[in-house]
Amino acid sequence: MGKLGFGLMRLPLLDPKNEKSIDKEQVCQMADVFKERGFTYFDTAYMYHDHESERAVKEVLAKRYERDSYTLATKLPLFQLKEEEDMERIFNEQLEKTGMEYFDYYLLHAMSGDRYELVQRLDAFGFIARKKAEGKIRHIGFSFHDKADVLDRILNDHPEAEFVQLQLNYLDWDDPKVQSRKCYETAVKHGKKVVVMEPVKGGTLAKLPPKAEKLLRELHPDWSNASWAIRFAASLENVMIVLSGMSSMEQMLDNSGYMQDMEPLNETEKKALAEVVDIIHEAAKIPCTACRYCVEGCPMNIAIPDYFALYNAKVDNSEDTAPKERYAELAKDHGKASDCVECGQCEGVCPQQLQVTHYLKETAKLFENS
């Protein structure tokens, strides 16, 4: 299989306000192009698209293709587990929702140092190993959001993990919080292949500051901003798959086109990306990837990622009035940024380890003080 994976996390919608309203017809067309161009890896999860992504898999893949013509990955949601019985219940539900008899790749979802205690208590690694022995899983691993020393401890304890899914992109490569480089090197040390998530950092690296975009265009006028980010991740030797959460046919055609015959980045191109990182840091935007993990448990129903996107849009263009108008529209059906009660639920699940409550206060200052 090629190195490009189709992430089923940000699919096209029939209603932009409804995460469940997946445009399955368009996703089917995108999947056809993906497979025709030689790629086979599809990635979903229990909670994606408000728990509808796995159901879309049944319509897009299970009902339309021979089972051995694609590979499917999904995940056990650690943040929704309380008792050992929850694992069996959720796993069986996933098989039914996707229409699958087995999963090619199955991950413990969003592993961290805090969640590792739960994993050990419930013997989650033992559970997925048993499912592999039963033939219901082909390969076991976990997605990871924490520091490299935590990853090292987990891989020492559980060498049975065959691969690790890491957030890896050129903006986070040397970031002291995310530690992309250190986590990648830790996985390599343990002999594990790496699946890359968030190579474009939730779209952040597709919408670059004008100065950064100009720099990249001068080197390669025909390369999209997103392609630079995906090429960076795919250039790493131990990377097995780079996931792209494609939400339109345009993105599918772009990504699958250059990834068919992708050449690793050279030193000049890597140096250009290092300059782009410096330019992005100067912009002082909120580095939210819109994964929406924070939304489901918010007691005030605050549209956190939507508000942060509007904040960033306003920072990009202070004269633009549309972000403030859109904020007021969203606030009619959701809690305002100032309604945050600082319960910390959002910060506990944020893969980026953002100070969400702080950023909500900044968003409130920008949009609510007029």
Side-chain angles (χ1 to χ4, degrees), residues 9-21 23 49-50 169 171-172 198 200-217 224-226 229 245-248 250-251 276-342 345-347 349-370:
M9 180 184 184
R10 299 182 177 95
L11 296 172
L13 301 173
L14 296 171
D15 177 1
K17 297 180 180 180
N18 182 2
E19 281 290 307
K20 291 180 178 287
S21 66
D23 185 347
H49 278 279
D50 199 5
N169 54 69
L171 186 60
D172 293 327
E198 301 293 0
V200 193
K201 201 169 173 66
T204 298
L205 302 181
K207 301 173 184 176
L208 298 174
K211 182 179 176 183
E213 186 163 338
K214 181 175 182 291
L215 174 66
L216 297 184
R217 294 288 183 196
S224 66
N225 294 338
M246 293 172 276
S247 55
S248 69
E250 180 183 10
Q251 293 174 6
V276 168
V277 169
D278 291 337
I279 294 169
I280 292 173
H281 285 157
E282 291 171 4
K285 292 162 67 173
I286 302 174
C288 171
T289 65
C291 68
R292 310 194 74 84
Y293 291 6
C294 58
V295 173
E296 187 170 334
C298 177
M300 304 307 292
N301 190 31
I302 300 173
I304 298 170
D306 304 285
Y307 289 166
F308 288 172
L310 294 172
Y311 179 98
N312 288 340
K314 189 67 174 173
V315 168
D316 279 342
N317 185 358
S318 61
E319 300 303 316
D320 188 3
T321 60
K324 189 165 186 175
E325 293 169 359
R326 177 62 179 147
Y327 177 87
E329 183 183 342
L330 274 171
K332 293 177 183 177
D333 300 317
H334 300 83
K336 296 185 294 184
S338 60
D339 291 335
C340 174
V341 295
E342 300 188 45
Q345 184 276 337
C346 51
E347 295 181 356
V349 298
C350 178
Q352 309 307 315
Q353 303 177 50
L354 298 182
Q355 294 179 299
V356 179
T357 54
H358 166 75
Y359 285 129
L360 283 173
K361 290 175 184 176
E362 294 301 307
T363 302
K365 288 179 187 176
L366 185 63
F367 291 122
E368 298 178 31
N369 298 338
S370 56

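Sequential numbering from 1 along the given sequence is applied to the chain's residues.
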How far does [atom1] of [X] sit from [atom2] of [Y], to the nearest 0.5 angstrom?
X    : Y    : atom1 : atom2 : answer
M300 : S338 : CE    : OG    : 9.0 Å
S224 : L216 : OG    : CG    : 10.0 Å
R10  : Q251 : CZ    : CD    : 10.0 Å
Q345 : T357 : CD    : OG1   : 12.0 Å
Q355 : C350 : CD    : SG    : 10.5 Å

Is there side-chain contact between [X] and [Y], with heavy atoms separated by less than 4.5 Å?
X    : Y    : result
L171 : H281 : yes
T289 : P351 : no
L354 : C288 : yes
E342 : K361 : yes
L215 : L208 : no
K17  : L330 : no

Identify the two heavy atoms, one from [X] and one from [Y], that lie closest to each other, and give their separation to 0.1 Å.
X    : Y    : value
P305 : V295 : CD-CG2, 3.5 Å
N369 : K324 : O-NZ, 4.3 Å
H49  : L11  : NE2-N, 2.8 Å
I280 : P209 : CG1-CD, 4.1 Å

Y311 and F367: CA distance, side-chain angles, deciding distance, side chain to side chain contact (heavy atoms under 4.5 Å, CB included) verdict:
CA-CA 8 Å; Y311 179 98; F367 291 122; 4.3 Å; yes

Side-chain donor or acceptor of [X] paired with backbone N/O of [Y] under 3.5 Å:
X    : Y    : result
D339 : K336 : yes
H334 : N301 : no
N312 : I286 : yes
T363 : A337 : no

Should the heavy atoms of other residues, nucleotides or ligands under 6.0 Å from CD of E362 be counted, would the total exceed 12?
yes

Tell me whether K20 at atom NZ has more than 12 heavy atoms from other residues, nucleotides or ligands lying less than 6.0 Å away.
yes

Quick one: do M9 and C291 satisfy side chain to side chain contact (heavy atoms under 4.5 Å, CB included)? Show the steps, please.
CA-CA 8 Å; M9 180 184 184; C291 68; 3.3 Å; yes

Does C294 form a side chain to side chain contact (heavy atoms under 4.5 Å, CB included) with V356? I'd like the steps, not just the answer.
CA-CA 9 Å; C294 58; V356 179; 5.7 Å; no

Can you say whether the rings of F308 and Y359 are parallel (under 30°), tilted (30 to 60°) or perpendicular (over 60°)?
perpendicular

Mind running side chain to side chain contact (heavy atoms under 4.5 Å, CB included) on L13 and N18 for me, showing each step along the way?
CA-CA 7 Å; L13 301 173; N18 182 2; over 6 Å; no

So, applying side-chain hydrogen bond (donor to acceptor under 3.5 Å, both in side chains) with Q352, which one of E198, K201, E347 is it?
K201

